[in-house]
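Only one structure is covered here, and it is reproduced in the block below.
Bear in mind the structure is a predicted one, so any value in this text is a computation, not a measurement.
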Amino acid sequence: MKYIVTLLVFSLFACSTDNPASAQSPLAAHPVFDLTKVPEIEITVPLSQWNALLSNYDQNPKNEKKIVARFSYKSGGETVFLDSIGLKLRGNTSRRRPEGVTGQPHNAASPDWHHCHFGLDFDKNRPAQKFKGLSKMNLKWFKDDANYVREIYSYDLFRRFGVWTAPQASYCRLTIKVEGGAQPAYFGVYSMIESVDEDYVAARSSHWGNAVGFMWKGSHIGSFQPDFVSTNSVGVEDVKMNPAKSQYFAYDLKTRKDELASAKASLTQFISDLNSKSGDEFKSWISQRMDIDLFLKTYATNVMLGMWDDYWVNTNNFYFYIAPDQKAYFIPYDYDNALGTSMIVANSGTKDPLSWGPQTRPLVAKILGIPEYREKYKAYISELANANRDLFDAAKSKQRILGWHAMIAPYVSNDTGEDMNIGDVPASWGNAPFYRLMSGNDKGGANGPANYFSTRINSIPWQ
């Protein structure tokens with residue numbers, strides 16, 4: 001059954017304008033990522049550039065080529081206009097052609113629009129040009145998320161819990177205008193997500209200094225895994241228009257790419273020490289190389305969210321930053337498949353948080369193998385579940401989601417004809433179709449539809 005928002009007059013402030021993030025997180029909220037607003041973004045693309053985008057996708061769907069576009073942002077009485085930005089398609093398995101089928105150029109008379117993810121590069125064609133301090137930003141459609149909330153909720157929860165390494169995110173309304181087309185195409189409600197790049201590093205300079213260190217993106221590439229055991233797939237991604245000549249790496253260097261040798265040596269040494277040290281020597285070493293409390297809070301949040309396509313389960317979807325002082329930070333990323341949308345893990349709502357993934361992941365297994373750190377991790381799980389905190393509690397989570405739904409519901413219907421309603425179901429391809437966010441019991445699917453929040457809290461063994 002679909003959950004349709006009807007109370008459009010629901011007060012946004014009643015859902016919780018009291019955001020604990022400002023009190024708990026040392027990272028100041030970026031003005032773009034404001035969860036009380038749904039700004040309008042319009043991207044205008046010359047016809048030749050749009051057709052180039054479509055043709056490039058046909059040659060290699062994973063291509064990273066950027067076309068030239070114009071950008072407009074409206075929020076309240078403010079308008080920001082940039083006359084030249086870079087625009088590209090994004091996504092791994094979720095990457096799509098935004099119009100038509102293979103071989104078709106733009107059809108002005110009868111366009112066939114498709115939801116897809118976009119990457120915006122504000123200084124691609126204008127050096128030093130930024131949008132409110134950002135050089136880049138990602139726009140994601142709510143693929144397989146009828147609730148229009150999973151990634152938004154996840155990043156908001158990280159902020160509420162003081163995990164300042166998590167990217168920031170909020171909503172927007174997206175319109176694409178192809179010059180020469182009949183009319184602009186309204187793509188509906190999208191998420192705006194902070195790009196993990198040099199600006200991301202600079203925004204957190206009070207924690208790791210002004211200089212930029214080595215940022216790695218961890219992705220499961222075929223048989224290669226960024227498992228912090230093997231180092232046989234480390235490099236700088238090189239995507240060619242000929243897919244056969246492209247190169248992808250499990251550990252992909254994202255900053256200071258011309259210093260790969262030094263970056264690789266730093267990462268390799270960290271992984272070697274992680275696996276070779278034990279006992280008190282390991283505890284002393286890891287406590288100096290990482291902010292253990294921050295890492296434990298990050299993973300407690302990750303597991304409560306039920307993010308299975310992560311490092312611990314699937315060696316995927318994370319960033320790892322080694323600052324100039326050699327301190328290392330784990331960065332959570334890509335949370336659209338959470339809150340009951342799952343695979344691999346048999347039941348993400350009832351899985352024991354202490355055995356979320358296999359013990360062959362040393363970055364988690366060795367840290368949680370230390371009794372003091374394991375108890376802290378358990379305490380953070382309990383803190384997230386605390387009904388007196390505005391964190392993961394079911395009633396408070398529903399209240400926040402109701403407010404967001406009321407805010408975005410008038411704008412969800414769109415010209416792609418896809419994802420036209422807000423519904424309370426997980427992705428159809430997942431292994432737990434019984435999970436709900438706004439209704440259901442706490443039985444984890446054993447007796448009809450189950451509420452993910454209540455089930456997750458109810459399943460904590462030590463509660």
Checklist outcome for this item: Per ring pair (Phe, Tyr, Trp, His ring centres under 6.0 Å), Y321 is matched among W208, F270, W216, F214 by W208
Has [X] got more than 12 heavy atoms of other residues, nucleotides or ligands less than 6.0 Å from its [atom1]?
| X | atom1 | answer |
| --- | --- | --- |
| K264 | NZ | no |
| K130 | NZ | yes |
| K398 | NZ | yes |
| D325 | CG | yes |
| K443 | NZ | no |
| K143 | NZ | yes |

Aromatic ring centroids of [X] and [Y] under 6.0 Å?
| X | Y | value |
| --- | --- | --- |
| Y148 | Y411 | no |
| H115 | Y190 | yes |
| Y311 | F228 | yes |

Checklist entry - Only one of K240, R95, R90 clears salt bridge (Lys or Arg N to Asp or Glu O under 4.0 Å) with E64; which? => result R95
Next on the checklist: Please determine whether side chain to side chain contact (heavy atoms under 4.5 Å, CB included) holds for the pair K140 and E151, giving the CA-CA distance in whole Å, both sets of side-chain angles, and the decisive distance to 0.1 Å.
Outcome noted: CA-CA 10 Å; K140 291 184 70 174; E151 198 148 32; 3.0 Å; yes
Item to check | Any F318 side-chain heavy atom under 4.5 Å of D334 side chain | outcome: no
Item to check | Minimum side-chain heavy-atom gap K88-D121 below 4.5 Å | outcome: no
Checklist outcome for this item: The side chain to side chain contact (heavy atoms under 4.5 Å, CB included) partners of D310 (sequence neighbours excluded) come to Y299, N302, M307, W312, V313, W356
Next on the checklist: Testing the basics here: between I43 and L120, what is the closest heavy-atom pair and its distance to 0.1 Å?
Outcome noted: CD1-CD2, 3.7 Å
Item to check | Closest heavy-atom pair and its distance - I331, P167 | outcome: CG2-CD, 4.5 Å
Checklist entry - Given Y153 and W404, is the side chain to side chain contact (heavy atoms under 4.5 Å, CB included) satisfied, shown in steps? => result CA-CA 10 Å; Y153 178 94; W404 294 332; 4.1 Å; yes
Item to check | Test log, rule side chain to side chain contact (heavy atoms under 4.5 Å, CB included), inputs Y335 and R150 | outcome: CA-CA 7 Å; Y335 278 72; R150 283 175 167 80; over 6 Å; no
Checklist entry - Taking only residues at least two apart or on different chains, which pairs with a member in residues 212-235 satisfy salt bridge (Lys or Arg N to Asp or Glu O under 4.0 Å)? => result none
Next on the checklist: Using the rule given for side chain to side chain donor-acceptor pair (under 3.5 Å), can you reason through E418 versus N414, listing the C-alpha separation, both sets of side-chain angles and the distance that settles it, and then say yes or no?
Outcome noted: CA-CA 7 Å; E418 303 168 338; N414 64 85; over 6 Å; no
Checklist entry - How long is the gap from CG on L391 to OG on S397, to the nearest 0.5 Å? => result 8.5 Å
Checklist entry - Does K62 make a cation-pi contact with Y248, if we ask for NZ or CZ under 6.0 Å from the ring centre and within 45° of the axis? => result yes
Item to check | Geometric class of the F71/F122 ring pair [parallel <30°, tilted 30-60°, perpendicular >60°] | outcome: perpendicular
Item to check | From CA spacing to verdict: side chain to side chain contact (heavy atoms under 4.5 Å, CB included), Y435, F453 | outcome: CA-CA 9 Å; Y435 274 124; F453 300 111; over 6 Å; no
Next on the checklist: I'd like to know whether T255 forms a side chain to side chain donor-acceptor pair (under 3.5 Å) with E198, so could you lay out the CA-CA distance, the side-chain angles of the two residues, the decisive distance to 0.1 Å, and finally the verdict.
Outcome noted: CA-CA 7 Å; T255 59; E198 286 85 352; 5.6 Å; no
